[in-house]
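One structure is given here, and the rest of the page talks about it.
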Amino acid sequence: MTGNRTFTMIKPDAVENGHIGAILEKITAAGFKIVAMKYTQLSKRDAREFYAVHKERPFFGELVDFMTRGPIVAAILEKDNAVDDFRALIGATNPAEAAEGTIRRLYATSIGENAVHGSDSDENAGIEGAFHFSGREVF
């Protein structure tokens with residue numbers, strides 16, 4: 001069963017480069033409704049917890065440093081088939097391999113600094129959304 005909500009983060013690189021508005025416009029133009037959103041900054045502890053699935057990977061330290069170097073925009077998005085449709089909208093992790101018109105093709109600079117996060121499953125969307133929006137009924 002596919003859900004109608006997903007989680008996204010506009011990452012520090014896209015925030016630093018002034019792409020918040022353009023990315024939000026792409027999201028809403030694709031039919032997503034923003035049901036919760038906040039501008040915040042992850043602590044090292046929070047970044048390590050959020051990305052714990054990658055803790056044994058060699059890039060984990062760099063990922064934590066990147067995600068804590070500046071503010072992010074966290075959001076819950078709503079649309080039928082939200083996870084799959086959003087993954088298609090953001091494009092491949094490597095912006096050079098992302099399809100034309102996708103968010104990563106337009107705004108990412110590298111595999112590591114790829115502008116935006118999108119949940120990869122309905123289950124993870126719920127977990128990730130609750131991580132950033134605790135105390136709210138977001139899923």
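Here the structure is a predicted model, which means the values were calculated and not measured.
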Q) Would a 4.5 Å heavy-atom cut-off, applied to side chains only, mark V64 and F59 as touching? A) no
Q: Please step through side-chain contact (heavy atoms from CB on, under 4.5 Å) for the pair I76 and I34, ending with a clear verdict.
A: CA-CA 6 Å; I76 305 294; I34 299 168; over 6 Å; no
Q. If you round to the nearest 0.5 Å, how far is CG of D13 from OG of S110?
A. 7.0 Å
Q: Treat each ILVMFWY residue as a node, draw an edge where side-chain heavy atoms are under 4.5 Å apart, and state whether V116 and I111 are in one component.
A: no
Q) Looking at CE of M67 and CG of L42, how far apart are the two atoms once the value is rounded to the nearest 0.5 Å? A) 5.5 Å
Q) Should F60 and F131 be regarded as members of a common hydrophobic cluster, given that ILVMFWY residues are connected when their side-chain heavy atoms come within less than 4.5 Å of each other, either directly or indirectly? A) yes
(Q) Could you report the tightest heavy-atom contact between G70 and P12, atom names first, then the distance? (A) O-CG, 3.7 Å
Q: Output the distance between atom CZ (R87) and atom CG (L89), rounded to the nearest 0.5 Å.
A: 11.5 Å
Q | Distance-minimising heavy-atom pair for T102 and A98 | A | OG1-CB, 3.4 Å
Q. Is the count of non-hydrogen atoms from other residues, nucleotides or ligands lying under 6.0 Å from Q41 atom CD greater than 12?
A. yes
Q: Could you tell me whether K55 atom NZ has more than 12 heavy atoms of other residues or ligands within 6.0 Å of it?
A: no
(Q) Is the shortest side-chain heavy-atom distance between T6 and D84 below 4.5 Å? (A) no
Q.
In the structure I gave you, are the side-chain heavy atoms of T8 and F32 within less than 4.5 Å of one another anywhere?
A. no
Q | Residue pair E113, R69: steps toward the salt bridge (Lys or Arg N to Asp or Glu O under 4.0 Å) verdict | A | CA-CA 12 Å; E113 297 193 10; R69 81 174 188 210; 2.9 Å; yes
**Q.** Side chain to side chain, N124 and F7, heavy atoms closer than 4.5 Å
**A.** no
Q. Taking the side chain as C-beta and beyond, is there a heavy-atom pair between H54 and L63 under 4.5 Å?
A. yes
Q.
Measuring only between side-chain heavy atoms, which start at C-beta, is L24 closer than 4.5 Å to M37?
A. yes
**Q.** D122 CG to N4 CG distance, which is reported to the nearest 0.5 Å
**A.** 9.0 Å
Q: Before giving the answer on side-chain contact (heavy atoms from CB on, under 4.5 Å), spell out for K38 and H132 the whole-Å C-alpha distance, their side-chain angles and the decisive distance to 0.1 Å.
A: CA-CA 9 Å; K38 68 180 177 180; H132 287 274; 4.3 Å; yes
Q) How are the rings of Y107 and H19 set to each other: parallel, tilted or perpendicular (split at 30° and 60°)? A) tilted
Q. side-chain hydrogen bond (donor to acceptor under 3.5 Å, both in side chains) between N114 and K11: does it pass, once the steps are laid out?
A. CA-CA 8 Å; N114 59 16; K11 295 181 179 182; 2.6 Å; yes
Q | Side-chain ion pair, K44 and D65, N-O less than 4.0 Å | A | yes
Q. Does a side-chain N-to-carboxylate-O contact under 4.0 Å join R57 and E62?
A. no
**Q.** V35 vs L77 side-chain heavy atoms within contact, under 4.5 Å
**A.** no
Q: Check whether any side-chain heavy atom of I10 sits under 4.5 Å from a side-chain heavy atom of I72, and report yes or no.
A: no
**Q.** Pairwise distance CD(E25) to CD1(I20) - rounded to 0.5 angstrom
**A.** 14.5 Å
Q. If you round to the nearest 0.5 Å, how far is CZ of R105 from CD of E100?
A. 4.0 Å
Q. Using the ring of each side chain (for Trp, its six-membered ring), is H117 parallel, tilted or perpendicular to Y51, with breaks at 30° and 60°?
A. perpendicular
Q.
Hydrophobic clustering (ILVMFWY, side-chain heavy atoms < 4.5 Å, transitive) - are F133 and M9 grouped together?
A. yes
Q) Using 4.0 Å as the upper bound for N to carboxylate O, is an ion pair formed by E97 and R104? A) no
(Q) Would the distance check show the side chain of K26 and the main-chain N or O of G21 forming a donor-acceptor pair, the cut-off being under 3.5 Å? (A) no
